[in-house]
Structure formats: C-alpha cells, structure tokens
Chemist: 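Handing you this structure, nothing more for now.
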Amino acid sequence: MARFDLWVKLKVIDLVAQTAWMTLTEKLGLEGELLGLARYSFWRMEIETDDGPAALDEIDRVIRLDSAFTNQNKHLYMLRMDEGPARGDLLLDKDYPVLVENGGGRSGFAVDCLVRELDTEREEGYRSRLNARLENIQVNGLAAGEVWRILLDAGNEKEAEQKVERIVVTTSRREGLLLNPHYQRLEILSIVPI
Amino acid sequence: MVTGTIPIVARDDGEIKKTLSENGFNLTVTEARRVAELLGRDPTVVEITIFNTMWSEHCSYKSSRKTLGEMLPTKAPNVVLGPGEDAGIIRFAEAEDGDWYCLVIAHESHNHPSQLLPYEGAATGIGGIVRDVYCMGADVVGVLDPLRFGDPAGQKGRQSIAIARGVVEGIAGYGNPLGVPNLGGDIVFDAGYDENCLVNVVAVGIVKESRILRSRVPDDAAHKPYKIILVGKPTDDSGFGGAAFASEDLASEEEANRGAVQVPDPFLKRVLAEANKRVFELAERQGSAIGFKDLGAGGISCATSEMAHAGGFGVTIHLDRVNLAVGQYPPAVVSCSETQERYALAVPLEMVDDVLQIYNEDFDLPHIYHGAGAVVIGDVLEEPVYRIESGDRVVCEAPIDVITTGISYDRARKPRRGRFEEPELDASRSLHDDFLSVISSPNIASKNYVFKRYDSEVQGRAVLRPGEADAGVIAPLEGRDVGLAFSVDGNPFYGIIDPYQGGALAVCEAARNVAAVGAVPSTITDCLNYGNPEIEEVFWEFSEGVRGIGDACRGIGLISHEGNPLPVVSGNVSFYNQGESGKAIPPSPIIACVGVAEDFSRCRSIQWKDEGDAVYYIGEPLDELGGSEYYRVIYGTLGANVPEADFIREKNQIKTVIEMHSNGWVRACHDTSQGGLLTALAEMAIGGRGSGRLGLKVDLEEFAGTGLEPEKILFSETGGFIVELPAGIERDVLALCARNRVKLYKLGTLTGRSKLEVLLKGERLAHWPIDELRDVFMDGCRGIFGLEKKN
Amino acid sequence: MPETFQDKVAIIQFPGVNCEYETARAVRMVGLEAELFRWNEDPHMLDHCSAVILPGGFSYQDRIRAGVVAAKDKIMGKVSELAREGRPVLGICNGAQVLVESGLIPGIHWERVDLALAPNIMADREGYYCTWIYLRCEESGCVWTRAFRTGEVVPMPIAHAEGRFAITDRDVLGEMEKQGQIALRYCTPAGEIDERFPVNPNGSVSNIAGVCNAEGNVLAMMPHPERATWLRQVPEDLGGPWGGKRTSSSGDRNGLEAEGPGMMFFSSLAAKEVDE
C-alpha cells in the first residue's frame, strides 16, 4: 500500500487565508504569536500498487486534467508518493509564507493542520471520481480537506500543538476559528521547527 | 519631458513587427504607425499600451462599428441613453413627482476567460456587467446569463461538463453574495462550442432619470477644482499575463502567470455598492455634480481619459498615488491593468475629504481588503491634455482627443456556402419514445439544477422566477402595478443554416417570450458572438446576423409607440470565438429583451391552472424543422428548412397575446419554439417547478389543412403561442384573433386525467402520463449539473 | 451625537450582507421603526434599541466558514449582552450562522459553540440551493413565532449552501428538545416530518430549520421570511393552501398585496411590543 499526497495552492492571493490572518491577529489577539499562515487543498490517497512511479504518473495525469483537483491556470500543486518522488510545481518544503515580519528571529514551528469533515460523503465523491478516471490502479482510501499551515511562536512541539488546537478549533465566540467541531475535525499532519 | 519611448517612426515594418510581438502588443504595424502619426513622435511604453488596449477589438469595435451603425435602430421615444456608454437606458414608468423611472441594461460576453478558468471567468463576467449598471447610478435588480457549452456526450464531453459546471458555479459564486437575483438565462449545448464556450451576461438596474450618473467630468469643473478619486481593490497586474515589456521586465515567471487570472471579489463589490450609495447621497445633499465610471479593460487610463474627454477637459494622473497590490509594477501595467472591483470618481475639491472618509473609514475598505481604499490620483485640467506622471517622469502626454481617437475597418465579406438537406422521415418510428428523447435532451430538459444554484429571491421583487415562465418577471417599484419582464434568446442552429434568420429569429423569440407573460417588448440588447472577422465568411455571417436583428427590430417595432422600432440600447461584439483548429463557433447572436407589463399581477406562469379551461394555439405550424431539436436528436441532422421570420405575423401574434393579458383572460401562456408544439404542451403540463397535474388530449385533425405529417406538426419550430383561457369566451377570442389577423387553433380542454394524448382523426398516436414526462424532463440535466453518479 | 436607535429595531449591516433592505422593509410593514447599524459603529448606540436582527447575505464572503468571521466582531459582544438581557434577537440565514458561530444559539452554555450550520447534504446535488420549502412551527416559547399556531405549516424561501444544523453532542440536542428550543422544522405541505430530500432540503438533524434559546428571545432560522412578506412573492405553482391563494389572486393587484407567510415573524415582534 502506497500513500500519495496531493497539495494544491492558489497562484493568486488567497483571500480566505488573508481574512483568517486578519481575524486571528486583529480580533482574537494573536498578533505576535502567529507568524504566518497558508492554506492548501489536500487529498491523501491510499493505493495498492507494485509500481509506485507508474502509479504516480497515472495519478498525476488524472489530477492535471480534472479541474476538481487542479487547474494549471490558477493552481500550483505537488503530488508526492510517501516521502519519496514528487510531481508538480509547488515547492512545498520551502513554502513557509510569513505574512508579517518574524519579530527578530524568534524560534517557532510550522504546523500542518488538516481540517476534514466528519461526514465522509465528499471524500467518497472524490474517491469515485478518481476511480472513474484511473485505469490501472484504484484508490482504496481517501482523506480530503483543507490544510492550514500555521507558523507560530512556541517553545517546544507540545506547546505548538496546544496553541494550534486553540487557534483552529472553535469552542466559543472568543476561542478558535478555523473549524467547527460539530461537522469538522482536526488532524495534525506534521510539526516542524522553523 | 516624456521618457521611455518605443521606436516606430524611424523603423521599417519588419523591425516594428518584431518590436510589437516581442512586447506582446496586438497592434498591427499600420496601427502602430498610426499611433506615432497621431502623437507626432514615437509613443512611450505607456502610450502604446493604452492604444493597444483601446484599439483592441473588444474596446474599439473596429471591425463591427460600421455594420452596427448602419443596420441597428437605436432611437425610439422611450430611449434615454442608447449604445455608447457602459449601459443603455429606457424609461418605463412615470414617477409620482413627474420624474421617470428608468431601466438600465448592459450586456457583455466573457467567453475566452471562461474557457480557461470557468469559475473565475464567469464570476468576473458578472462582476464586470453589474459594474456597468452600477456606474450609471442605478440599483442593480437582476442578472441573466445566456450560456453555450460543448456537447456533454461528445469527444470532449468531460471537459465540456467541467466548464459548464464551473461557469454555473462562478455565476452563483458572484451573483449570490452580491445580492442580485438571477432573472433567467438559457443554455445550449453543441459540439460547435467544444473548444470555445460562450458566457454572456446581462445586468439590469433601476434609476430615476434625474439621478442618472454620467461617466464624465461635470461642467462645474470649468469654474472650480475637481479631483479624480480611484476607489476599490488595490491595482495589480490583471490582464498582463504573459506580456513582457522590453524596457521594464516583469520580475518573475510566477508573476507573469498570476497576471492571467482576474480575481473576482463580490464581497468587496457589495461593500463598494453600499459605500457608493452614501457618496451619491452626499453629492445630492450638497448639490455637487460628480462623474462616476467603472474601470474595465484599459483600467485607469481608459476610464480617466474617457471621463475627461466626455466632459471636454484634461487630466493629470499621478501613478505613485495608486494603491498597489503586493509588488511593484511598471507604469504601463498600473495605467492599464484590468484589476477588478474599481471605480473612478470626479469630485469637486471641497467634497474630497468626505468621500475619502466614507470609503476609507466608514466602510473601512483598507481593513476589509488588504490594500483596498480610496485615494486621490489625479487633477482635472482645463487644458484638454491627458498626462500620466510616474515619480518625476511624464510617461504619457498627449492631447486628450488623440488618446481617445477611435479606429474602424471595412471588413470584406463573402457568403458561406453550406449544403443542407431535409432528412427522409421514417414513419415506423415510435412517437412515444422519440418525444421522450427530445424532452430529455439537455437542450430541452429542465434547467432546475442550474436555476436553483442561483438566488432568485433576494431583494424580494420576484414575481416569476427562471423556469416558471418564458420570461423572468419582477415588480420593480413598491406599491406600483408595473412589472418588468426579461428574456434572453438565440438559437445557434438556425444561424448555421442561415445567419440572417439566426439574428432575426433571436429577436422574434426574445420578444415573444416577454409577450408571453403579457409584457410589451420595449428594448433589446445584443451580444454578437462570432469567429474571426478577418475571415470573409465569418464577417458575412456577422453582418447577416446584424441585418436580421435590425430588420426584426423594425419589423416588430415598439408596440407602445406605433411607428417606432424596437430600439437596441446596448450590446457587445465578441469576435475570435474559435477552437484551436481555427474553426469558428456557430454564428451566435444572443438577444436580451426587456418587456414592460402594465400590471404584474396578470403575468402568469406556463403551468396549466384549471380543469375545464380551453387551450388554444396561436400560430400555424409550417414545414420549418431546419435546425430543430427533433431533427438533431432523432435524425442527427440539421435539416434545411429553417424557420423564416415573418415580422408582420410575429407582431400580430405578440399584440394579440398582450391584449389577451390586458383583458385578464390568460391563465397560462407559453411560446412554441425549440422542440415545437408538443414540447411546449409538455412543459405546460409539467410546469417549471414540476408540480403540474392536468392533462390534455389533442387531435391533429385540426391541422389537416396544413398538409403536414404529424411529426412535422408536433415538432416544427415555427414561432407561435399556446394559451390557456377560461371556457365561455370563445367568441371574444375568435373576434380578437380575426381583428389582429392571426391564426388560431383550439387544441382541447384541460382535464383532471394526468395524461398528454395525441390523436389523429380520433385514433391515438401516442400518450404519456404527466409523471413519465416529468421524470425525464426534470432529470434531463442531472448528468451534467447534478452530482456525478457513483460507481 | 450618534444616532441612538432608541426603540428602534437595529438591522446589523456586516460587510457582505445583502438582505438588510428587505428586512428593514418587513419590520416597517408591521409598524415598527428599523434602522441599519454598520458593523464598525459604536456598539453603545444599540443600548436602547428594541430588538436586533442579523440579516441574510454573505458576511465576509463566508470566508473560512459562513458566519464565523462576523461572530468575532466587536458588535457581537454587544449583541450577546443584549440577548442576555432578554432583548429580541433574530438571525436570518447568514444571521443564523453568525448566531450559531458566536454561541448565542442554542445558548445552553454561554457563548459556547454547541452547533454548526454545515454544508448542505442533498440527494442529487451539492452547494448552494435556492427554493421554497415548508416549515412547521413547533411548540416553543419563542417570541418570534408567537403569531403562529403551534403546528401551523407555511411555505418559505430558502437560499443557502451551509444550512445543515449539525451537532455532535446528543445530550445538547436532547436538552434543546426538552426546553422547547426547536422552533421550526422542515416538513411536507401536510406538515409531516420527512427526513429525506427535498422535504429536508439540507440534511439538517431532526429537520431543524430554526432554533431559539431557552428564554425564547433569540431565534436563528435558515429560511428567509423577509422574502415572503407579500402574497405575490409566493410562487404561482407552489401548490398547497398558500399556492392556491396566490394563484386565485392572480390578476388582482390588491389581492397580491396581502400579507405573505413570512410576515408573521415580524408581526410576532410587533405583538410583543404591544404586550409590553
């Protein structure tokens, strides 16, 4: 079983990320703590295959032709198999947009937060859409949602994780913004020091 | 001193050609020389960029202007403003204070952007067209969208479906947040649009005549200082994708890519609309004359030069003051960028601070959108000169009438010779099955999957919604009887066989559709979508289409003001609609018609209402199935006998139907066109919301005099109307029709038996339970616009 | 001196809302005064308002999630305070989304977000959906529905992409039921609760179309009553008693000027004012 991750980002200014940034820093008092914010569309596909590179090419062909996933006129994307080879023009490992100046080289973490819906209908839709278009392989499992890459000031990983949960999960009028736990959930994909 | 020029004067043609193409200009060598001649020197980069935009086909109408001017009637007693500005205006009701309520209408295409980026292309299409109406000072009360897509079942089916869905989402994604209801639209699928979809958009608004804003610097600028304010989104490099400038290179490839995309922002537009209203109120309170114009193609330079020129003034623009999006852009980009959601205002100096306060503080634009806001970017000059300064450099300076000089071509035309033949009818076919194929075909089937994506209720003016009747109807004025009806039409299949009929019939059908709800056709707009006008056959198709439109407008006329034509008050020409192979799209003139109804309460839906009512057919089926849905779906051919527009017949029918409405007789009315008589009957039985129950039995013996086969009677696309009228007034109905010299057939009486039956001399040819028709009709577009079926 | 909104109904104009004018008109039609309040004005101006309405539209373009950005605005602190004092507060469509995202609805735990208005789930389509549905007015102490009979069925337009009431904590749902907080449910024209599309147009749990707080002064509803204030706005082909009334009034201008089904939410407010 191989895992293929597709990351898609807008080439133009992401107005949603910009609004999120302004809301977090100006209305929820996170100025200084939050160092940067970026947003991606994300799909994780589990596929049974003996020939990883061929599968990678086939998925690449399909997602480039289907605007439900990417449209090269407005998106950058990266399709990666496990931690290995990748396709596409998005340099994900270098994509750490800092929307404000990082105040004097403070230490921080970049946390990739996947927001998925509790209801799986949409993910099922993507899976069958892909399977209708793939010829040699089939997607067995699929997770999809938005990834928020949150750059923030934190002493250690644990602290970063806690802070991110408070930013992401809406619990009250004053706390949390990026998901509503009554239909969405948070999966932290990675936490790396920056 | 002007700096940074492009060498033209001293160069030979080959060198000029190379310079133009290297810099991404579309001007021809002759045009570039003309620019230098007008200026009396080499143009600056900014100047040639301005001409490059202003002399584009889109802005200059250089190929079409002459034909349009010769063939289209634009004057009538109800016209306040004809073609020329951003939108056309007619009067439709006198106000209590002696002023007039006016309807503002604009019609545009956004075809090419939508093919590349369906969502953004369609959304910015709506964004652009509503701006054209807002900038006349009007409240926008609706949008309509005629769409043409590739064949969903053809070779490029998947792509065509993706484009169709993206476009519909884009229209919804812009119109719904903006709070402008969708009033209608039509969709046609054909392989001819596989590589070039058509996304036309119409916006309509309402304004009192005395409050119409003009896109010009007011006369007051002659005796007091006026400033130019730019408001809205920060300027970026929209529209400059791929273009590179010899003297000022774009920084990186990524930026070049971004330039190709226009980013729609209905949110900002909505906030701007509110803020603009406050500014207009302020101007009215203070008695200050202001000028107001939206920024479209050509951006700052085009808008400000035209505003100043229209008022007989000059202007200096200071580019350094313009709010910019991230990054630095060269002066030519800042001057000509197509960044969305911007307006230019000419306001007297004493009003400037208050205007800036409304935009920047009250409505807080800089916080609502990073970098947005209002800023003074220029001064109005008495001297008629157009100048742009960037830092201490003058990057453009010329007499203003030079900058706004037009350009025109006489294009050659040559008839296209096609071979069209009528199919041999196969009498053994099943009428029952064939009809189910026709009404479930995507061109005929219900578009409820599309209409329900759009907000048709916002503003609360809706009387008849898309799909419920032949025209969308609103009650525009609270407490008043008047109704406004809107329809868009254009059947490309007629135009393939005969481009003249394609134009003429589009007008006839649009007029018929508003008449079907009892409204008087009062103006039209046209959006003329064709291929490359430099190809003689294409230009012939275009000029034939325009001739057909003009003849139809004069032939049908303005019924409320006898002796006048139905005026064309606005429109748009879109050329170069072709695929990679260079094959042009079918000739596609698309007409929007506005009707004025004296009492909206008499505007009825197409659905049959009452058992026992009589159903009549006004008109006569002729052997006119060329381009019909029946031939295309059942015989896979266009045929040859395209309907021939008969303007006298059309006019008489329209008058008759309107009189029937005025008499309060009409319970339901529907025109017969695409799909013919039988399709129209089925649509009335089903109803726009799919809730119809009543049935009808029709005996074709009534039509024995026509000498036509049953299929031809049932599927001919000759124009006409079907009306449901109460029983017991037959004598009056016959008298009215005789007086107006229209043919009338009684088709039958509505029954509670939920079934549509067709007989010939008492013998049943076919019958369909209404439920069976409903299922295939309501579901026909699910495969395209509904959820993809799971496997 | 800023306007004080004394005894007026304040319609909050967040950037991006688009139903503020119809809503104000509906309030005026029942004889009350209505005034728009721009989101960034001084919240104290609302101290003496008689009621607050959050109109429909797309505040902040529904970015991130419908209603959530407006919920974080300063003015919502004031609305929260007024709601707590018992001032009537109505959120229509986007306004309902704001009330849910700011925790005023269901309001069982103060300002805690106990519900979501999630993306619609529909049988054959997805996204934004605009149509007419039927509502059943449930037994509740809601001030905004007091002009209705309990069990009364009325047609109403909806237009939204995120209108599915969703909740993870069944106990909270039980509590809402128990306290009579489910003021409105989607139903068939005959008033039956059918959980399937299109009767339930968005997949809402328990067919919920509107929820009030336990005290009954705050209501969040997805349908648009301000778009159904006149009979002429009811579609001709809708069927049922209201559709029938509409069709039989065609051709009669005065008949079509009669009140539509949405008017009752506003007359409920007017009736309360008279009571007090």
Side-chain angles (χ1 to χ4, degrees), chain B residues 169 172-173 176-180 182 265-268 270-271 274 361-364 367-368 448-449 451-465 468-469 475 478-479 481 599-607 609-610 664 666-667 687-692 779 782 785-787, chain C residues 13-23 25-26 36 38-41 56-63 122-132 157-161 224 226-230 232-233 235-240 243 247-257 260 262:
Chain B
E169 259 174 66
N176 297 347
L178 191 60
V180 170
N182 193 281
D265 194 339
F267 168 62
L268 187 58
R270 170 76 196 143
V271 178
E274 282 300 298
E361 289 168 41
D362 295 353
F363 285 87
D364 205 14
H367 274 97
I368 280 193
N448 76 88
Y449 283 92
F451 293 144
K452 289 187 172 183
R453 291 299 300 269
Y454 304 148
D455 193 342
S456 49
E457 307 286 344
V458 64
Q459 299 185 359
R461 293 190 172 94
V463 176
L464 289 169
R465 297 152 183 83
E468 291 181 349
E478 216 172 299
D481 295 353
D599 180 351
F600 68 76
S601 76
R602 292 199 290 258
C603 301
R604 309 299 301 267
S605 71
I606 60 170
Q607 184 173 309
K609 305 293 187 306
D610 290 311
V666 177
R667 298 261 169 86
R689 306 185 87 86
S691 54
D779 227 27
R782 175 173 177 171
F785 296 108
L787 273 185
Chain C
Q13 189 180 36
F14 287 110
V17 303
N18 60 30
C19 305
E20 63 269 49
Y21 294 100
E22 301 93 286
T23 306
R25 182 176 62 200
L36 301 189
R38 212 180 48 240
W39 81 99
N40 56 355
E41 294 182 276
F58 289 69
S59 59
Y60 297 95
Q61 185 68 31
D62 284 359
R63 285 178 189 149
M122 300 175 280
D124 59 349
R125 58 190 88 204
E126 56 187 354
Y128 191 91
Y129 187 55
C130 173
T131 192
W132 281 67
I158 57 162
H160 58 250
H224 281 276
E226 83 286 5
R227 298 177 178 187
T229 54
W230 289 297
R232 67 134 167 102
Q233 292 165 317
E236 264 213 306
D237 306 329
L238 191 67
T247 303
S248 60
S249 300
S250 286
D252 169 11
R253 256 288 274 130
N254 294 328
L256 289 184
E257 288 286 280

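Here is the naming used below: chain letters follow the sequence lines, and residue numbers restart at 1 for every chain.
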Chemist: Does the distance from a Lys or Arg side-chain N to an Asp or Glu carboxylate O, for Arg38(C) and Glu274(B), drop under 4.0 Å?
Modeler: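 Judged by the 4.0 Å cut-off on N to carboxylate O distance, Arg38(C) and Glu274(B) do not form a salt bridge.
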Chemist: Minimum heavy-atom separation for Asp237(C) to Gly688(B), with atom names?
Modeler: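 Closest pair (atom of Asp237(C), atom of Gly688(B), distance): OD2-N, 4.3 Å.
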Chemist: Does any backbone or side-chain atom of Gln13(C) lie under 4.5 Å from a heavy atom of chain B? Answer side chain, backbone, both or neither.
Modeler: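 Just the side chain, heavy atoms under 4.5 Å.
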Chemist: Pick from Gly251(C), Ala228(C), Gly239(C), Ser59(C): which one has the most heavy-atom pairs with chain B under 4.5 Å?
Modeler: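 Of Gly251(C), Ala228(C), Gly239(C), Ser59(C), Gly251(C) has the most heavy-atom pairs under 4.5 Å with chain B.
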Chemist: How far apart are the closest heavy atoms of Ala462(B) and Arg232(C), and which atoms are they?
Modeler: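 So the two residues come closest at O-NH1, 3.3 Å.
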Chemist: With no hydrogens and no angle check, is any side-chain donor or acceptor of Arg270(B) less than 3.5 Å from a backbone partner on Val17(C)?
Modeler: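 Here the side-chain-to-backbone pair exists.
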Chemist: Side chain, backbone, both or neither: which part of Glu126(C) has a non-hydrogen atom closer than 4.5 Å to chain B?
Modeler: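 Glu126(C) touches chain B through backbone and side-chain heavy atoms alike.
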Chemist: Report yes or no: is the cationic atom of Arg125(C) (NZ for Lys, CZ for Arg) closer than 6.0 Å to the six-membered ring centre of Phe785(B), at no more than 45° off its axis?
Modeler: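 So Arg125(C) doesn't make the cation-pi contact.
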Chemist: Given a strict heavy-atom distance threshold of 4.5 Å, which part of Trp39(C) is in contact with chain B: side chain, backbone, both, or neither?
Modeler: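 Interface part for Trp39(C): side chain.
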Chemist: With a 4.5 angstrom heavy-atom cut-off, could you sort out which part of Arg465(B) is near chain C: side chain, backbone, both or neither?
Modeler: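 Side chain of Arg465(B) only, per the 4.5 Å heavy-atom cut-off to chain C.
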Chemist: Under the rule for salt bridge (charged side-chain N to carboxylate O under 4.0 Å, His left out), what residues qualify as partners of Asp265(B), not counting sequence neighbours?
Modeler: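 With sequence neighbours excluded, Asp265(B) shows a salt bridge (charged side-chain N to carboxylate O under 4.0 Å, His left out) to Arg63(C), given in chain and number order.
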Chemist: Can you tell which part of Glu169(B) gets under 4.5 Å to a heavy atom of chain C, answering side chain, backbone, both or neither?
Modeler: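 Contact with chain C involves no heavy atom of Glu169(B) at all.
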Chemist: Between chain C and each of Lys609(B), Gln459(B), Arg461(B), count heavy-atom pairs under 4.5 Å; write down the option with the most.
Modeler: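 If we count pairs closer than 4.5 Å to chain C, Gln459(B) comes out on top.
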Chemist: With respect to chain B, which residue among Gly255(C), Cys130(C), Gly243(C) yields the maximal number of heavy-atom pairs within a distance under 4.5 Å?
Modeler: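 The candidate making the most pairs under 4.5 Å is Cys130(C).
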Chemist: With respect to chain B, which residue among Gln233(C), Glu226(C), His160(C) yields the maximal number of heavy-atom pairs within a distance under 4.5 Å?
Modeler: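 When all of Gln233(C), Glu226(C), His160(C) are compared, Gln233(C) has the most.
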Chemist: Between Asn40(C) and Glu361(B), is any pair of side-chain heavy atoms under 4.5 Å apart?
Modeler: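 No, every pair of side-chain atoms sits at 4.5 Å or beyond.
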Chemist: Is it true that a side-chain atom of Glu236(C) and a backbone atom of Ser605(B) form a donor plus acceptor pair closer than 3.5 Å?
Modeler: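 Yes, Glu236(C) side chain to Ser605(B) backbone: donor-acceptor pair under 3.5 Å.
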Chemist: Counting heavy-atom pairs closer than 4.5 Å to chain C, which one of Arg689(B), Glu468(B), Arg602(B), Lys452(B) comes out on top?
Modeler: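 That would be Lys452(B).
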Chemist: In terms of heavy-atom pairs under 4.5 Å with chain C, which of Phe600(B), Phe267(B), Phe451(B) leads?
Modeler: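 Of Phe600(B), Phe267(B), Phe451(B), Phe267(B) has the most heavy-atom pairs under 4.5 Å with chain C.
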Chemist: Identify which part of Glu20(C) has an atom lying under 4.5 Å from any heavy atom of chain B, answering side chain, backbone, both or neither.
Modeler: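 Interface part for Glu20(C): side chain.
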Chemist: Considering only heavy atoms and a distance below 4.5 Å, find which of Val180(B), Asn176(B), Val271(B), Asn448(B) pairs most often with chain C.
Modeler: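 The candidate making the most pairs under 4.5 Å is Asn176(B).
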Chemist: Can you check whether Leu787(B)'s main-chain N or O pairs, donor with acceptor, with Asp124(C)'s side chain at less than 3.5 Å?
Modeler: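 Side chain of Asp124(C) to backbone of Leu787(B), a donor-acceptor pair under 3.5 Å: no, none is there.
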Chemist: Which bit of Ala26(C) comes within less than 4.5 Å of chain B, counting heavy atoms only: side chain, backbone, both or neither?
Modeler: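 Contact with chain B: none, neither part.
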Chemist: Pick whichever of Gly460(B), Cys603(B), Ala172(B), Pro177(B) has the most heavy-atom pairs under 4.5 Å with chain C.
Modeler: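 Sorted descending by pairs with chain C, the first entry is Pro177(B).
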Chemist: Show, in sequence, the C-alpha distance, side-chain angles and deciding distance for Gln61(C) and Leu268(B), and conclude whether the side-chain contact (heavy atoms from CB on, under 4.5 Å) test is met.
Modeler: CA-CA 9 Å; Gln61(C) 185 68 31; Leu268(B) 187 58; over 6 Å; no
Chemist: At a heavy-atom separation under 4.5 Å, does Tyr21(C) approach chain B through its side chain, its backbone, both, or neither?
Modeler: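 Contact with chain B involves the side chain of Tyr21(C) alone.
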Chemist: State which residues pass side chain to side chain donor-acceptor pair (under 3.5 Å) with Asn18(C); sequence neighbours excluded, sorted by chain then number.
Modeler: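 With neighbours one apart ignored, the set is empty.
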Chemist: Picking from Pro266(B), Gly479(B), Gly687(B), which has the most non-hydrogen pairs under 4.5 angstrom with chain C?
Modeler: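 Of the options given, most contacts go to Pro266(B).
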Chemist: With side chains defined as the heavy atoms from C-beta onward, is the minimum distance between Cys19(C) and Val458(B) less than 4.5 Å?
Modeler: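 A side-chain contact exists here, since the closest heavy-atom pair is under 4.5 Å.
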Chemist: Counting heavy-atom pairs closer than 4.5 Å to chain B, which one of Pro235(C), Ala161(C), Ala123(C) comes out on top?
Modeler: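 That would be Pro235(C).
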Chemist: How close do Tyr454(B) and Tyr128(C) get, counting heavy atoms only, and between which atoms?
Modeler: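 Heavy atoms only, the tightest pair is C-CE2, 4.1 Å.
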Chemist: Give, as side chain, backbone, both or neither, the part of Pro157(C) having an atom under 4.5 angstrom from any heavy atom of chain B.
Modeler: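 Interface part for Pro157(C): side chain.
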Chemist: Heavy-atom distances under 4.5 Å only: say whether Asp455(B) touches chain C with side chain, backbone, both or neither.
Modeler: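 Contact with chain C is through both the backbone and side chain of Asp455(B).
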